[in-house]
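Side chains are part of it too, since the values below use all heavy atoms of this structure and drop only hydrogens, waters and symmetry mates. Only a predicted model underlies this, so the values are computations on that prediction, with no experimental measurement involved.
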Amino acid sequence: MSLKPLRDFIVVSVTKKEEKTPSGLLFTPATVDEKVVTGTVLATGSGYLTDSGIIVPLEVSVGDSVVFNKQMAVEVKQGGESFLLLREEHVLSVLN
């Protein structure tokens, strides 16, 4: 991926939500538009720039699974794939 976010932005790949029916069939609902979703961080910027010119490193790292508000993200398409670009401050939690 040649997409490099700047400053406090991160690039996230959304984790596809699969649901299981009582009989064990897996399906992904195509009509569900959730506000809060999970994803994997694919790239990060250099950090947050303070008013005094100091760069504060980001708390999330490449490979982290995160929960975030999808409405605060911008969809970016590259090479036939879709990614989300958002500020680190819109990440609600890192999953362990």
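- Once rounded to the nearest 0.5 Å, the distance linking CZ of Phe9 with NE2 of His90 reads 8.5 Å.
- In this structure, the side chain of Glu75 does not engage the main chain of Ser82 through any donor-acceptor pair within 3.5 Å.
- Looking at heavy atoms from C-beta onward, Val12 lies in side-chain contact with Phe68 at the 4.5 angstrom threshold.
- When Val36, Thr38, Val66 are each tested for a side chain to side chain contact (heavy atoms under 4.5 Å, CB included) with Leu92, only one passes: Val36.
- Of the candidates Ile10, Leu58, Asn69, Ile10 is the only one forming a side chain to side chain contact (heavy atoms under 4.5 Å, CB included) with Val91.
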Between Val11 and Leu84, is a side-chain contact (heavy atoms from CB on, under 4.5 Å) present by the stated rule, with each step listed? CA-CA 6 Å; Val11 177; Leu84 294 178; over 6 Å; no

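- Side-chain N or O atoms of Lys4 include one that pairs as donor or acceptor with a backbone N or O of Thr44 at under 3.5 Å.
- Taking the side chain to side chain contact (heavy atoms under 4.5 Å, CB included) definition, one finds that Ser52 meets it with Thr50, Ile54, sequence neighbours left out.
- No side-chain heavy atom of Met72 sits under 4.5 Å from any side-chain heavy atom of Leu86.
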Set out, in order, the CA-CA distance, both residues' side-chain angles and the distance that settles side-chain contact (heavy atoms from CB on, under 4.5 Å) for Lys35 and Lys70, then state yes or no. CA-CA 5 Å; Lys35 292 181 183 178; Lys70 187 176 178 181; 5.9 Å; no

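- To the nearest 0.5 Å, atom CZ of residue Phe83 and atom CD of residue Gln78 are 6.0 Å apart.
- With sequence neighbours left out, the side chain to side chain contact (heavy atoms under 4.5 Å, CB included) criterion links Ser61 to Asp64.
- To the nearest 0.5 Å, the span separating OG on Ser46 from CD1 on Ile55 amounts to 4.5 Å.
- The OH atom of Tyr48 lies 8.0 Å from the CD atom of Glu89; values are rounded to the nearest 0.5 Å.
- A distance of 9.0 Å separates OG1 of Thr40 from CG of Leu95, quoted to the nearest 0.5 Å.
- Taking Val76 as the reference, Leu3, Leu85 meet the side chain to side chain contact (heavy atoms under 4.5 Å, CB included) condition, with sequence neighbours excluded.
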